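Presented below is the structure to which this report refers.
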Amino acid sequence: MTTRDKIGLAILIGLFAAFCIILALTIEPRGGSHAPEDSIFVRQRMINLNK
């Protein structure tokens with residue numbers, strides 16, 4: 001492998017690792033569980049339906 005190939009492989013591995021970390025942080029809830037009624041999206045939808 002040439003130096004250029006090694007740099008490209010390192011970049012691909014780095015991107016894969018970064019995307020895995022982002023995915024893990026996105027899926028795992030940080031604030032604990034709460035009722036769906038407490039969601040801002042649900043509240044706004046209910047306001048729109050009542051109009």
Side-chain angles (χ1 to χ4, degrees):
M1 289 178 71
T2 64
T3 305
R4 196 172 194 161
D5 291 339
K6 290 178 184 178
I7 292 172
L9 183 61
I11 290 173
L12 287 176
I13 291 172
L15 284 172
F16 181 74
F19 287 139
C20 287
I21 291 170
I22 291 170
L23 181 63
L25 292 175
T26 303
I27 292 174
E28 181 181 326
R30 287 184 242 145
S33 61
H34 58 83
E37 295 84 23
D38 296 338
S39 171
I40 186 69
F41 299 109
V42 173
R43 280 193 228 149
Q44 187 62 43
R45 178 74 175 146
M46 293 304 291
I47 291 170
N48 290 342
L49 288 173
N50 289 331
K51 286 184 181 179

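Hydrogens, waters and symmetry mates are skipped; everything else that's a heavy atom, side chains included, is used. Small disclaimer: the values here were computed from a predicted structure and weren't measured.
- Partners of L49 under the side-chain contact (heavy atoms from CB on, under 4.5 Å) rule, at least two apart in sequence or in another chain, are R45, M46.
- Its side chain within the 4.5 Å cluster rule, I40 clusters with F41 among the Ile, Leu, Val, Met, Phe, Trp and Tyr residues.
- Looking at residues two or more places apart in sequence or on another chain, you find no side-chain contact (heavy atoms from CB on, under 4.5 Å) involving L12.
- Here D5 pairs with M1, T2 under the side-chain contact (heavy atoms from CB on, under 4.5 Å) rule; sequence neighbours left out.
- Applying the side-chain contact (heavy atoms from CB on, under 4.5 Å) test to T3 and every residue at least two apart in sequence or in another chain returns I7.
- Here side-chain hydrogen bond (donor to acceptor under 3.5 Å, both in side chains) pairs that include residues 11-21, with residues two or more places apart or in two chains, number zero.
- A side-chain contact (heavy atoms from CB on, under 4.5 Å) with L25 is found for exactly one of L23, I21, I27, namely I21.
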